[in-house]
Novice: 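To start, I am sharing the structure in question, which I have written as structure tokens.
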Amino acid sequence: ILEKPKDEKDAKRMLSQLSGSWHEVHTGVALYKMERSSAPASTSTSSLSSSSTTTTLVSSFTDTARVKFTTLSPSDVDAYVSTGEPMDKAGSYGIQGIGGQMIEKMEGDFFTVMGLPMHRLSTELAKALDSLNE
């Protein structure tokens with residue numbers, strides 16, 4: 001599991017590990033329904049963490065994409081890390097930014113790699129709304 005890098009050295013290590021190889025990106029999504037129960041007038045219900053809020057899991061899923069990195073030279077890795085882009089990204093790259101140049105091939109949803117599989121999310125939201133309206 002490649003998390004966000006701790007520092008530039010860690011980012012370089014991850015990118016070197018990904019260089020020239022395939023890896024999988026898993027994005028997990030959970031949809032919750034939140035309901036507030038009636039509370040006495042003196043009790044504030046403006047906070048979602050209030051004890052008068054009930055949270056119910058409606059749906060959850062994991063979407064997976066496979067990504068193939070091009071082979072990176074040490075100077076490629078150094079140049080990319082020097083942009084600062086990898087420092088807040090899991091795996092030390094952002095497919096939606098400069099890091100997209102390092103992607104040779106991909107199987108699956110681009111948005112899964114970005115962090116939110118939009119098509120699958122919209123499908124699950126539509127199902128959830130339908131079930132709430134029944």
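All residue numbers refer to positions in the sequence shown, counting from 1.
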Novice: So, the side chain of Ser19 versus the backbone of Ser16: is there a donor-acceptor pair under 3.5 Å, distance only?
Specialist: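 No.
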
Novice: To check you understand the geometry: which heavy-atom pair defines the closest contact between Pro86 and Ala11, and what is its length?
Specialist: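 Looks like CB-CB, 4.3 Å.
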
Novice: Supply the atom-to-atom distance Glu8 CD to Ser82 OG, rounded to the nearest 0.5 angstrom.
Specialist: 8.0 Å

Novice: Let's go through Asp88 and Lys4 carefully: what are the C-alpha distance in whole Å and the side-chain angles of both, what is the deciding distance for salt bridge (charged side-chain N to carboxylate O under 4.0 Å, His left out) to 0.1 Å, and is it a yes or a no?
Specialist: CA-CA 6 Å; Asp88 66 344; Lys4 293 179 182 180; over 6 Å; no

Novice: To the nearest 0.5 Å, how far apart are OG1 in Thr83 and CG in Asp78?
Specialist: 11.5 Å

Novice: Is there a chain of hydrophobic side chains (I, L, V, M, F, W, Y, each step under 4.5 Å between heavy atoms) that links Val77 to Trp22?
Specialist: no

Novice: Strictly distance-based, threshold 3.5 Å: is any side-chain N or O of Glu85 a donor or acceptor partner for the main-chain N or O of Tyr80?
Specialist: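 Between the backbone of Tyr80 and the side chain of Glu85 there is no qualifying donor-acceptor contact (under 3.5 Å).
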
Novice: Kindly give the heavy-atom pair with the smallest separation between Pro117 and Val29, and that separation in Å.
Specialist: CD-CG2, 4.0 Å

Novice: Side-chain heavy atoms under 4.5 angstrom apart, residues restricted to Ile, Leu, Val, Met, Phe, Trp, Tyr: same cluster for Met14 and Met106?
Specialist: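 Same cluster.
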
Novice: Can you see which heavy atom on Phe69 is nearest to which on Ile103, and at what distance?
Specialist: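 Heavy atoms only, the tightest pair is CE1-CD1, 3.7 Å.
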
Novice: Between Ala65 and Val113, which heavy-atom pair has the shortest distance, and what is it?
Specialist: CB-CG2, 3.7 Å

Novice: Between NZ of Lys68 and NE2 of His23, what distance do you get to the nearest 0.5 Å?
Specialist: 11.5 Å

Novice: Val25 and Phe61: same hydrophobic cluster, using ILVMFWY side-chain contacts below 4.5 Å?
Specialist: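 Val25 clusters together with Phe61.
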
Novice: Atom OG of Ser60 and atom OH of Tyr32: how far apart are they, to the nearest 0.5 Å?
Specialist: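 It is 7.5 Å, given to the nearest 0.5 Å.
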
Novice: Got a salt bridge between Asp109 and Arg120, using NZ or NE/NH1/NH2 to carboxylate O under 4.0 Å?
Specialist: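 Salt bridge: no.
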
Novice: Any chance the rings of His119 and Phe110 have centres within less than 6.0 Å?
Specialist: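 Between His119 and Phe110, the centre distance exceeds or equals 6.0 Å.
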
Novice: Asp76 side chain to Leu72 main-chain N or O, any donor-acceptor pair under 3.5 Å?
Specialist: no

Novice: Work out which heavy atom in Glu24 is nearest to a heavy atom in Arg66; give both atom names and the distance.
Specialist: CG-CG, 3.9 Å

Novice: Any carboxylate oxygen within less than 4.0 angstrom of a Lys/Arg side-chain nitrogen, looking at Arg13 and Asp10?
Specialist: yes

Novice: Tell me whether Met114 shares a hydrophobic cluster with Leu116, the cluster being built from Ile, Leu, Val, Met, Phe, Trp, Tyr side chains joined at under 4.5 Å.
Specialist: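 Same hydrophobic cluster.
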
Novice: Give a yes or no on whether Glu3 atom CD has more than 12 heavy-atom contacts from other residues, nucleotides or ligands under 6.0 Å away.
Specialist: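 At most 12 heavy atoms, drawn from other residues, nucleotides or ligands, come within 6.0 Å of this atom.
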
Novice: Looking only at the side chains, is there a donor atom on one of Thr64 and His26 sitting less than 3.5 Å from an acceptor on the other?
Specialist: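 Yes, His26 and Thr64 have a side-chain donor paired with an acceptor closer than 3.5 Å.
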
Novice: Looking only at atom types and distance, does a side-chain atom of Glu124 sit under 3.5 Å from a main-chain N or O of Ser59, one as donor and one as acceptor?
Specialist: no

